[in-house]
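Input: a single structure, listed below in structure tokens.
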Amino acid sequence: MIKKELKALGIDLLVNGTSTGTKWFGQGEKITSFSPVDGKSIGQVSSSTRKDYDKVLQAAESAKKVWADIPAPKRGEIVRQFGDKLRELKDVLGKLVSYEMGKSYQEGLGEVQEMIDICDFAVGQSRQLYGFTIHSERPSHRMYEQYHPLGIVGIISAFNFPVAVWSWNAALALICGDVIIWKGSEKTPLCAVACQKILADVLKANKLPEGISSLVTGDAEVGKWLAEDKRIALVSATGSTRMGKQVAVTVANRLGRSLLELGGNNAIIVTPQADLKMTIIGAVFGAVGTAGQRCTSTRRLIIHKDIYEQVKKSLTDAYKQIKIGDPLNTKNHMGPLIDTDAVQNYLVAIDKIKAEGGTLLVKGGVLKGKGYESECYVQPVIAEVENSYEIVQTETFAPILYLIKYEGEVENAIALQNQVAQGLSSAIMTTNLREAELFLSQNGSDCGIANVNIGTSGAEIGGAFGGEKETGGGRESGSDSWKAYMRRQTNTINYSTSLPLAQGIKFDL
Ligand code: UN1
């Protein structure tokens, strides 16, 4: 089904999962990648042993000085070429993303578009790694700050965005002068191999050494090697809060840096003054897009009681239109979950909703029969719940949407929206300026992303992406996120003939 695309991407059916660039190796166990689309095996990728990992680190250590010495705009030029390659390969890579991960082809293409966008962004940024200049309190002194590369950056990414999230980190880290080591998800190893190959070809064509971009493959154990390794200055990790806590503690234990982008529990507040047509589009895409497996997926709708019944009806009607099936068929809205474990988690969540007293308005279920052989296809769910239920407080990576009713003023909705442990994305649907501004104020949403009249998912790469509380506090992608990939140095230069001390201190010899 995907043979032509794998060929175009230069991938065999049996691949080594460790790479320092042109060199590919890997002595560890083989991971079989099964497509959730049809349950078929796509290929096998060998995982990295500790020995393979150490080889990667050696290559990265020797490449980091070479790369850091290349002027930033020239590094940007390499990233520009990478972006061009992605443009050429957009269709084939998008298709592999769709087939290996299970998201719709449109969303697979969208993910590659995010990669292209961040490359463009990073190219421009490579000429803007600015620090401030500061007026010194001492005469004939100059103060300024510079940003220098950190060295080696480890990137741990999740299955749900198997290519884009790596590229946000990779493109910025590279223009910042860092070398990168990526551990992708063991659920989508071929996507990782494909991206590493594309970038490695660009580096090779520019006669750059091994070790600027590396790949390791494996489970949490490999992630732990990265987190524990003092040679890795920054570990950027995207995934579950459980994983992020382990990474954070391990990295903090050696006083390394981490950048965390973890779980969300994203809500849309729907006030009596919402545009309901826009609300339904935003909510449905947010809840069922990527089969509810985005960290920005809409999990909760907090609806004012006066419009509650109307929204409920429109939503349940809209859900009847959702076509579930092969994500490569553009007629379908929703593809499968990533694997049968995810289906189990979905089923357990439904049981918990019922046990805690929730009502299923759209009851869900696992799809069987022709086209659903992988056993990963599920029906989306809508449930009426209380925000305080334990299951509502938990991020379930599945298309389950919770309806929660609020009464009175918008402050009550905001309080409910904030009453979860996670703080990634949030939105309000309203045409009332006061409600919108309150939601965006310091007394409003406590999330890293707060939108008005847009859903919770689908952020553009130009903004800083990430969230608060258990989402981990990191910011990736746009705005000044690049600063996380560099170390700041404050420089003071004295061009006078004496040595005055700061704070007026006298020290006469
Ligand atoms: C993620 O789910 O980990 O805003 C990233 C969005 C995408 C990125 C999601 N641009 O939904």
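Computed from a prediction, not measured in an experiment: that's the story for all the values here. Counting starts at 1 for both ligands and their atoms, following the listed order.
Close approach of ligand 1 to Arg294 is summarised as follows: ligand atoms under 4.0 Å from at least one heavy atom of the residue are 2 (O), 6 (C), 7 (C), 11 (O). Ligand-side atoms of ligand 1 in range of Cys295: 1 (C), 2 (O), 3 (O), 5 (C), range being under 4.0 angstrom from any heavy atom. Contact atoms of ligand 1 toward Glu114: 7 (C), 10 (N) (distance under 4.0 Å to a heavy atom of the residue). Ligand-side atoms of ligand 1 in range of Phe465: 4 (O), 5 (C), 9 (C), range being under 4.0 angstrom from any heavy atom.
When hydrogens are left out, the protein atom nearest atom 11 (O) of ligand 1 is Thr296 OG1, 2.6 Å; that is the closest non-hydrogen contact. Protein heavy atom in closest approach to atom 6 (C) of ligand 1: Gly458 N, 3.2 Å.
Contact annotation for Phe397 and ligand 1: no heavy atom of the residue comes within less than 4.0 Å of the ligand. Contacts between Asn160 and ligand 1 below 4.0 angstrom, taking non-hydrogen atoms only, involve the side chain exclusively.
With no hydrogens or angles considered, a side-chain donor-acceptor pair links Ser213 and Gln196 at under 3.5 Å.
Not a single heavy atom of Phe159 sits closer than 4.0 Å to an atom of ligand 1. Put simply, part of Glu261 is less than 4.0 Å from ligand 1, judged by heavy atoms.
Within 6.0 Å of atom CZ in Arg254, more than 12 heavy atoms from other residues, nucleotides or ligands are found, so the atom counts as buried in its surroundings. Summarising the local packing, CD of Glu375 is surrounded by 12 or fewer heavy atoms from other residues, nucleotides or ligands at distances under 6.0 Å.
Aromatic ring orientation, Trp225 versus Tyr53: tilted (interplanar angle from 30° to 60°).
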**Report entry** Pair Ser104-Asn332, side chain to side chain contact (heavy atoms under 4.5 Å, CB included): steps then yes or no
**Finding:** CA-CA 8 Å; Ser104 77; Asn332 291 322; over 6 Å; no

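Contact check on Glu356 versus Lys352 returns no salt bridge, with no Lys/Arg side-chain nitrogen under 4.0 Å from an Asp/Glu carboxylate oxygen.
Looking at Gly289, Gly110, Ala459, it is Ala459 that brings a heavy atom closest to atom 4 (O) of ligand 1.
For Tyr147 and Trp482, the gap between ring centers is short of 6.0 Å.
Of the possible donor and acceptor atoms, none in the side chain of Asn387 sits under 3.5 Å from a partner among the backbone N and O of Gln417.
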